[in-house]
Amino acid sequence: MSERPRVWVSQPLFDDIVARLGEHFEVETTAEVTQHAPDAVNAILRRMDGALVTLNDPIGAVQIEGAPRLRAIANVGVGYNNLDVAALSAAGILASNTPDVLTETTADFGFALMMAAARRIGEAERWLREGHWQRWSFDSLLGADVHGATLGILGMGRIGQAIARRATGFGMRTLYHNRSRLPEAVEADCKASYVGFDELLARADHLLLVLPYSPQAHHLIDAAALARMQPHATLTNIARGGIVDEDALCDALERGRLGAAGLDVYEGEPRLNPRLLAQRRVVLTPHIASGSLATRRAMVALAVDNLIAALGYGPRAGDPPSPLNAAEAAAARAGR
């Protein structure tokens, strides 16, 4: 009897969903949340045919060196800047992610975080818990309106479009900027208008970041970009932390050049820039935009489907639902 393929699950997930891997593979799981060292990951992957990983787990040339059996990496997340897709492609390793299943949940959270920043909800709760509320005051903790305001969305993919649809219920004017303009029918459905990057910054009362991370997007929101925003505006980031220059953001808040911010993602997370912790007008959450139980289960289920199919099993054998580099990986394997 031939040996069954071996797969590794890098972090503890949902046992009942992960158990489906056992129908086809020998499965090695991880009992506790672990920050794996690169050499430890490499030692594991050298023995594996596939792996199910999370955003905690960078996978690149170092981790896959000397792993000839490795054919698939299934990432649990729509973002995949933890994966060096070029290195995986060159090694003939198929990578996948989990789009679509988290769109609506993430849009809910992005809108909620924007509202919390605009209405100073985090600051108000801390102020109340600290015992400062001694009497009602007409001018205490005055925030910015969301209804009727101008919403700017930077990155108009699935999640950006879902946020735009929510904005219509608040009577907001929605502007967006994207690498490419959306079809007219999609713009009409979202009631959103395309503008240039500088115009988006200048006109938005509330700017929401939903664009993918790339080297070109690193510190896209820097001191110069923040200076082009209105002093009362809010900035909400549910994309990736490296898109925002956090020191420049703190400078803008401290100097009164920006109204407030809501951040769910951070450069270098889970480490936080200590300056952010000192900002009263910043709502901080620990990368939980997709964090509903139903959505996280759906993400793991899709990642499991991707891994099973990528390794040639199940009803979609050889055709995973959401590959990132199928053609490139196949070409590299064929060229060996």
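In what follows, residues are counted from 1 in the order of the sequence shown. On a predicted model such as this, the values are computed, not experimentally measured, just so you know.
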Query raised in the report: Any side-chain donor paired with an acceptor under 3.5 Å for N42 and E65?
Result: no
Query raised in the report: Hey, what else clusters with W133 if you join Ile, Leu, Val, Met, Phe, Trp, Tyr whenever side-chain heavy atoms sit under 4.5 Å?
Result: W127, L128, L141
Requested in this report: Could you grab the distance from atom OG1 of T234 to atom CZ of R120, nearest 0.5 Å is fine?
Outcome: 13.0 Å
For a quick test of your reading: what N or O donor-acceptor pairs under 3.5 Å do the side chains of residues 194-203 make, sequence neighbours left out?
from: D198; atom 1: OD1; to: R228; atom 2: NE; distance (Å): 3.0
from: D198; atom 1: OD1; to: R228; atom 2: NH2; distance (Å): 3.2
from: E199; atom 1: OE2; to: R203; atom 2: NH1; distance (Å): 2.7

Donor-acceptor list for residues 31-39 side chains, cut-off 3.5 Å, not counting sequence neighbours:
from: T34; atom 1: OG1; to: E32; atom 2: O; distance (Å): 2.7
from: H36; atom 1: NE2; to: S10; atom 2: O; distance (Å): 2.8

Query raised in the report: Looking at R69 and D49, does any basic side-chain N land under 4.0 Å from a carboxylate oxygen?
Result: yes
Query raised in the report: Going by side-chain heavy atoms closer than 4.5 Å, which hydrophobic residues are tied to I121, directly or by a chain of links?
Result: none
**Report entry** Distance-only side-chain donor-acceptor flag, D57 / T54, under 3.5 Å
**Finding:** yes
Requested in this report: Please list all pairs passing the salt bridge (charged side-chain N to carboxylate O under 4.0 Å, His left out) test where one or both residues lie in residues 216-225, with sequence neighbours left out.
Outcome: none
Query raised in the report: Does atom CD of E184 have more than 12 heavy-atom neighbours from other groups under 6.0 Å away?
Result: no
Query raised in the report: Can a salt bridge be assigned to the pair D251 and R257 using a cut-off of 4.0 Å between side-chain N and carboxylate O?
Result: no
Query raised in the report: Parallel under 30°, tilted from 30 to 60°, perpendicular over 60°: which one fits the rings of Y313 and H24?
Result: tilted
Side-chain donor-acceptor pairs under 3.5 Å in residues 145-160, sequence neighbours left out?
from: T150; atom 1: OG1; to: R173; atom 2: NE; distance (Å): 3.0
from: T150; atom 1: OG1; to: R173; atom 2: NH2; distance (Å): 3.1
from: R158; atom 1: NE; to: D100; atom 2: OD1; distance (Å): 2.4

Requested in this report: For the residue pair F170 and F111, categorise the inter-ring angle as parallel (less than 30°), tilted (30 to 60°) or perpendicular (more than 60°).
Outcome: tilted
